[in-house]
Amino acid sequence: MATKRTIEMPVESIESMTLNMGPQHPSTHGVLRVVLHLDGEVVERAICHLGYLHRAKEKHAEHKTYHQFIPYTDRMDYLAPMSNNTGYVMAVEKALGLEVTQRCVYLRTLLCELARISGHLLWLGTGALELGAMTVFLWSFTQREKIYDIFEWICGARFTVSYMRVGGMSREDYPEWRRMVREFLDQYMAAHREFETMLNGNEIFLSRVVDVGTINGKDALQLGLTGPALRGSGINYDARKHTPYLAYEEFDWEVAVEDRGDCMARYLVRMKEMEESWKIACQALEALEKTQNERCNIDNPKIIFPPKENVKRSMEDLIHHFLLASEGFKVPPAEVYQAIEGPKGELGFFLVSDGGPKAYRLGVRSPSFINLQGLEKMSIGYTISDVVAIIASLDPVMGEVDR
Amino acid sequence: MEMISDVYRGFRSLLKGMGVTIRHFFRKPVTVEYPRERAVVSKVQRNAIVLIEKDDIGSHNCIACLQCEKICPSNCISITGSRKDGLAFKRPDTFDLNFALCSECGLCLDVCPTDTLGYSKQYDKAGYSREDFFYDLLDQWKATEETALGTLREIERKKKEEREARRKADAEAKAKAKENDDGDEKA
C-alpha cells in the first residue's frame, strides 16, 4: 500500500528539482500543465498552470443572443454537454421566470443522468487506463457508444448536442427512441457489475489508489471542492438533493458518500453514483412514458420557435418567428444563479441581464476548475506516479477548466 | 508469510478478472468494420446543410431572407439575393457555407421559414485544404434554376389571379349587400 513517505536528504543544500508535467502529458486529461517541485521522487509542491484551452466563452456570451450561446455551452464540459445545456437554459429560464412543462423536466432529468453515466464511464476508462488496465477502457467505451447513439437518435449529434432550448427542447422524443433508452438501461447494470469485478478487488489497482491523495472533509470544503471529490471526503453535499431542481425530488435515490478521502473513496463514490444515476434514469423514463401524450415545449411563441406549419399560416406566428430569429428574445433585468450537479460537481451559471437580447454578463462556476485547487493539497508527499492517479481521481475536463 | 498471502491474493484477483475477460470471447463483436460496413446513422443526424428540393417548385425554395445567416453563432453562412422579374420575393444569387467553421448546432434549420434547409447525408467528409470545405449550396441547382424560376412565376401569376378574382368577388358581394341595405331602407 502506498503511504506518505519522507526522505531524509543527506546533504541539506540539495535543492528540489522542478519537473514539468504536461501540457502534452497523456495522463493530464488534455492540456493541464503541472509544475512539480520534487524531492527525489516525492512531490513537494504541485502548481497548476492553466489557460491553454481558453476560448473566452464568458465573453462570447455577451456578444451572442441567448439562443446562439447554447452551442457554446456544449464545449465547456464536453463529456457531458447535456448537463451544460440544462444548466444554462435553466439559468435563462430562471431570469425569465419561466416554468417548463413536466414532460420537459422528465426528459431533461433523463438526459442529464445519461450524461452523468457517460461522463463517469470516460473517467472510469481513462482512469483505469492510466493505472495500467486496458480492458476496462474498451468496455466502458462500448457502453459510451450506446449513450452517444441515444443522443444521436434524439437530437442528431453524438458529442456536442445543443439539444436544449429555453422553454423546451429542439425536438421531441419518440417511442422508438424510448425503446432504445430502455434497451440500454436493461443491459447497463450487467456491464457495471463487470467493471466492479474487474477493479474493486484488483490488487494492482488497489495498490495504486488506496491511501493515495488523501484530503479530509474540512480541507475539501475550504478549497471549495464539489462533486465526487467532496463526497469522497465524507461531506454529504449534492446539489440534486440539497437545492433540488428538475424532478430529482420525486425520484427515489441516494447520495453516494465515502469517508476515507483517498482516490479509492472517489472511485467508489463515482461507481455508486453511476448506479444511482441508472436508478434515476429508469424512473425518469417511466415518468416520460406516462406523460407521452403531453406537450414538451411551452406554449409561448415569444420565447420558443412556433411550429413551422403555424408560421406559414398565421401572421402573428410569422412575426414572432422573424423577431426571434433576427433579434432573439429579451430577458428582463435580473441577476440569477442557477446551480446543477454536473458529473464533475456543482456547475453554476450566474447570469446578469440588462433587459436586452444578450446577456450583460455570464459567469460560470465550473467544477473542474475549482476541483483542481485540491490537486496540490492532495499530491504533497506522494510520488509522481501517484500524481497520475490523483489527477485521474479528480477527473478535470480542461474544456471546462479554461472555458 | 505476508508475501505468500500477498501473492495468493494477487493471483486470485488476477484469475477473477481473467474469468470476466474470457466470457467476452464468446460474445458478438461490437465494432463496425467501417470501409466495408457503413454505420447506421439516425434520421435526424445533424450535418452540413444543403438546400432541399420542394415538390411544387422542382428546386429549392430559398427566399434569401438571411435568417440563417443572422442566427448562425459562428457566421459560416453568407447569402446574397435579389428580386427577379415577376416574383414578389427574393432568390439567392450566392449561398456559401464555410463548413470548416460550422459547429452543426442546427439553429439555421430552426429558423428557416420555408423549410428548404436540410442536412446532407454524407457523414464522412474529408479534405486536404481549408478550401475543400467551402461549399456552394446553389451548385446542384444551377442547371434547373431557369425552369424553377418559370415555375415560380407561374405559381406567382396564379396566386395573383386568384387574389384578384377573390377581390372582385368580395367587391361584388359588398356592392350587392349595399344594394340590399339601400333597398331595405327605402322599404
Side-chain angles (χ1 to χ4, degrees), chain A residues 60 64-65 67-72 74-75 133 135-136 138-139 141-143 145-146 149-163 165 170-171 174 177 180 193-195 197-207 304-305 308-309 311-312 318 321-322 324-328, chain B residues 2 5-24 27-32 39-47 61 63 65-76 101-119 123:
Chain A
H60 270 302
K64 303 276 171 197
T65 60
H67 269 139
Q68 283 177 328
F69 191 66
I70 294 169
Y72 284 81
D74 288 339
R75 288 154 179 84
T135 321
V136 180
L138 295 172
W139 291 354
F141 267 63
T142 312
Q143 293 298 317
E145 276 304 303
K146 286 175 185 163
D149 279 344
I150 288 172
F151 288 170
E152 185 189 339
W153 285 72
I154 194 167
C155 69
R158 298 166 67 78
F159 200 61
T160 44
V161 290
S162 310
Y163 178 52
R165 294 284 184 268
S170 61
R171 55 174 78 232
Y174 47 96
W177 178 80
M180 207 171 159
R193 294 279 169 260
E194 273 183 357
F195 300 143
T197 13
M198 289 295 281
L199 291 174
N200 277 8
N202 188 327
E203 282 296 312
I204 306 169
F205 180 73
L206 288 181
S207 63
I304 201 156
F305 285 106
K308 285 278 168 66
E309 285 70 40
V311 173
K312 282 171 194 162
L318 183 75
H321 181 95
F322 265 62
L324 264 181
S326 51
E327 199 186 54
Chain B
E2 203 188 321
S5 76
D6 270 3
V7 169
Y8 171 73
R9 268 191 301 147
F11 196 65
R12 216 185 51 177
S13 76
L14 186 77
L15 282 184
K16 219 171 157 189
M18 283 301 200
V20 184
T21 334
I22 282 168
R23 258 178 273 154
H24 273 254
R27 294 192 191 165
K28 273 190 200 162
V30 289
T31 44
V32 177
V40 185
V41 294
S42 90
K43 278 173 217 150
V44 296
Q45 202 211 21
R46 301 206 302 257
N47 209 326
N61 191 18
I63 53 170
C65 63
L66 308 192
Q67 297 290 325
C68 49
E69 194 185 309
K70 267 180 202 149
I71 197 127
C72 180
S74 30
N75 300 330
C76 59
L101 293 181
C102 176
S103 57
E104 300 176 9
C105 63
L107 281 170
C108 44
L109 261 84
D110 278 5
V111 301
C112 184
T114 53
D115 263 343
T116 197
L117 280 180
Y119 294 120
Y123 63 81

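In what follows, every heavy atom counts, from backbone to side chain, and hydrogens, waters and symmetry copies are set aside. In what follows, chains are A, B, ... by sequence order, proteins preceding strands, each numbered from 1.
For chain B, the option among A/D74, A/L199, A/V161 with the highest count of heavy-atom pairs below 4.5 Å is A/V161. When the candidates A/M198, A/R158, A/E327 are compared by the number of heavy-atom contacts under 4.5 Å with chain B, A/M198 comes out ahead.
In B/L14, the CG atom is crowded: over 12 heavy atoms of neighbouring residues, nucleotides or ligands sit closer than 6.0 Å. Residue A/F159 qualifies as enclosed at atom CZ: its count of foreign heavy atoms under 6.0 Å is above 12.
The two residues A/I150 and A/W177 come nearest to each other via the heavy atoms O-NE1, 2.8 Å.
Residue A/I70 holds its CD1 atom at 13.5 Å from NZ of A/K64, rounded to the nearest 0.5 Å.
Heavy atoms of A/F322 lying under 4.5 Å from chain B belong to its backbone as well as its side chain. Heavy-atom distances place the backbone of B/C72, and not its side chain, under 4.5 Å from chain A. Contact of A/T135 with chain B is made through the side chain alone, with heavy-atom distances under 4.5 Å. Looking at B/L109, only its backbone comes within 4.5 Å of chain A, counting heavy atoms on both sides. The contact between B/V30 and chain A is made entirely by side chain atoms (from C-beta outward), counting heavy-atom distances below 4.5 Å.
Within the structure, salt bridge (Lys or Arg N to Asp or Glu O under 4.0 Å) contacts touching residues 11-20 of chain B (residues at least two apart or in different chains) do not occur.
Between B/R9 and B/D6, at least one side-chain nitrogen of the basic residue sits less than 4.0 Å from a carboxylate oxygen of the acidic one, meeting the salt-bridge criterion.
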